[in-house]
There are 2 protein chains.
Amino acid sequence: MLNDRKKKVLQAIVEEYVNTAEPVSSTSLTNRNELNYSSATIRNEMADLEKAGYLEKTHTSSGRIPSEKGYRYYVDELLRDDNISLEEIKYISDKLEAKVNEIEDLTKIATTTISEITHYTTVAIGPGADNQLIQEIKFVLLGPRMLMAIILTTAGLVKETIIKFDEDITEKQVETINYMFNNKLKGKPLEIIDIPLEKYLINEMKYSVKVIKPIIEQIKKAINEERQIYLEGANKAFDLPEFNSLEVAKNFINIIDEKELVADVLDSGFAKDINVYIGDENEKEELKDFSVITFKHKVGDKDLGTIGIIGPKRMDYSKVISVMKYINKKLKEKDM
Amino acid sequence: MLNDRKKKVLQAIVEEYVNTAEPVSSTSLTNRNELNYSSATIRNEMADLEKAGYLEKTHTSSGRIPSEKGYRYYVDELLRDDNISLEEIKYISDKLEAKVNEIEDLTKIATTTISEITHYTTVAIGPGADNQLIQEIKFVLLGPRMLMAIILTTAGLVKETIIKFDEDITEKQVETINYMFNNKLKGKPLEIIDIPLEKYLINEMKYSVKVIKPIIEQIKKAINEERQIYLEGANKAFDLPEFNSLEVAKNFINIIDEKELVADVLDSGFAKDINVYIGDENEKEELKDFSVITFKHKVGDKDLGTIGIIGPKRMDYSKVISVMKYINKKLKEKDM
DNA sequence: TTTTAGCACTCGCTGGTTGCGATTGCTAAT
DNA sequence: ATTAGCAATCGCAACCAGCGAGTGCTAAAA
């Protein structure tokens, strides 16, 4: 357990380092009014904090920087999560007020807004197939061999996909398909659209393979593969001093260029409302030099997916978490 | 006009520099069997080529690199445009053979394939509203206040968008709308869906403002704003030696992060089948250190948009142009 | 007339040296 | 418990020298 002064020193060092990106010296902290001690005293505390693993040195005679344990302690115990100005509140409110036709647009708006306010790279992914129930399916004939399936989920999402056939389809057939699918699938989870259903329809219900198979295949594909990924402010990362290392810059590009990886990161563990992964805490090796902060967002009670920030370990955790909390709250209040 | 040997020297320097990214010395060219002269002779030719503006030096005693004029001459006069191996032909053919449900998927496949083969960052944009005729419009009621409009164009594209209303819409209304719009718009260009049409429908045909206005507004928005941009292999750029300069790397990220900019670049002038912009030839200031190669692609006779490569001026023009030519041809042969 | 050998000259790059400044750890005094 | 004082450490920028790659030019060879 850290005594009060050590907490103050650690907090000051994290905040100073987040601001300046330079190792923090004992003297630089003596100017702060909450730390009215000589540099020697601060030095002793810093030495203790280093021994306990909260701080690190870049070389023997350098100032200190927070270790991952230090950041973790800061995030868990020291940080303010209401670090948001009136202007920022106003800006966010205005953005989220916008009228949208598709509920997913709100994810995009929220992503952009977070990136604009925090100046970090922000990513988002739509909701997965899990937990979504089918409200209705509509089939619309677009041509003699082209059908559109439109799936509405109880979460308010609309997903459409085009199906092509090797033989002509009649309006009559579409009607039966429409009836059949809705009859069978309303209120069921999205994942039900799969091989067993295909077999059932073909074998039990005696539907034509040539009609049913492409439908099931394509809908399945649409549900599973087409999760939209949003990316905002990738270029902002390059203004950070840590990106002067080409190594780091390249790693970063590799991460955000790989959609699978981003999706994986956003989909992983959600113990809390807002989840903070610092450096090695990230499951992915590629992210060990970065910090990731994610939250699931809902509009009203409708699950809309996950939004996350990827930035340096030297991240303004306080600002990011404050902004995320506020946006999370605002979205929940909204109803569609 | 350059004599034969000068052409050979210029060509050799471009190709060597493309390969190695190092200034090319006179001695290094003497090994080539098409240049069986002493280094002194080559040196004289190089000095002439420099005076004529085709070559540059990085410093007094360095080897030569091509100037933009040099690259231009190489592209216009010297390059082979069939620089593609059997394996590559096979690879491309396999990729493009894939059965797709939506014609736009071919753009994505082509983009990915080009990036994989050339190892350059590849971008693409779907076709603009111009030149597309409306084949049919379908309206589907998804809820009491939610309508989907599906527009089929003669180019085989399907565009759908969701419209929300402030009041309930009946199936009956949708039917009239359906009839009306198709009657009025079939065979017309997409741009017809605009304010004059809105006014006509409301004033002359006495349709409800509350119904027509959102429809026109949203369709207009969907047509104009939602042009899909594809981006592949952004990370590959970072393996190039020119990206060791942080300046260059940052510029590059700024370019590809800005969708508007990418769209602008892909939409600009199309004098030829394949268009090459070298450095300062690019309209955009931001691209002055890069080269861009673009081509419009069609499937059969259907316009599918533009694909382009953004890479260093030291680009393998021969390979890129060869691959683009082949893909262009293959796509044209395909029919949907 | 064209080509080439030879050589002085230029310049970037690397490695070593030096001195400065920032910062620490420790000791002894307060 | 706190602080002043001081030696020690290390990064960093500046400077220098030597090496090597490459050129331009001149004069000789083909």
Rounded off to whole Å, could you give me the [atom1]-to-[atom2] distance for the [X] and [N] pair?
X     : N      : atom1 : atom2 : value
A:D48 : C:dC26 : CG    : C1'   : 14 Å
A:K57 : C:dA22 : NZ    : P     : 18 Å
A:R64 : D:dC10 : CZ    : P     : 14 Å
A:L55 : C:dG25 : CG    : P     : 11 Å
B:L35 : C:dT4  : CG    : C1'   : 16 Å
A:E50 : C:dT23 : CD    : P     : 16 Å
B:L29 : D:dT23 : CG    : C1'   : 14 Å
A:E22 : C:dA22 : CD    : P     : 13 Å

Is [X] near enough to [N] that one of its side-chain N or O atoms lies under 4.0 angstrom from OP1 or OP2?
X     : N      : answer
A:R43 : C:dA22 : no
B:T60 : C:dC11 : yes
A:S26 : C:dT24 : yes

Choose from [options] the nucleotide whose nearest atom is closest to any side-chain atom of [X].
X     : options                : result
A:A40 : D:dA4, C:dG25, D:dG24  : D:dA4
B:H59 : D:dG11, C:dC11, C:dT3  : C:dC11
B:T41 : D:dG24, C:dT4, D:dA4   : C:dT4
B:S38 : C:dT4, C:dT3, D:dC10   : C:dT4
A:S61 : D:dG24, C:dG25, C:dT23 : C:dT23
A:S25 : C:dT4, D:dG24, C:dT23  : C:dT23

Without swapping roles, check the side chain of B:T30 against the backbone of B:T27 for a donor-acceptor pair under 3.5 Å. yes
Run the side chain to side chain donor-acceptor pair (under 3.5 Å) test on A:Y317 and A:S291 for me, step by step, so that the C-alpha distance in whole Å, both residues' side-chain angles and the decisive distance to 0.1 Å come before the verdict. CA-CA 9 Å; A:Y317 296 95; A:S291 279; 2.7 Å; yes
Side-chain ion pair, A:E34 and A:R32, N-O less than 4.0 Å: yes
Any side-chain heavy-atom pair of B:V14 and B:Y71 under 4.5 Å: yes
Measuring only between side-chain heavy atoms, which start at C-beta, is A:E247 closer than 4.5 Å to A:D289? no
Which is true for A:S39 with a 4.0 Å heavy-atom rule: it touches a base, it touches only sugar-phosphate, or it touches nothing? nothing
With a 4.0 Å cut-off on heavy atoms, is A:T27 in touch with a base, just the backbone sugar-phosphate, or nothing at all? nothing
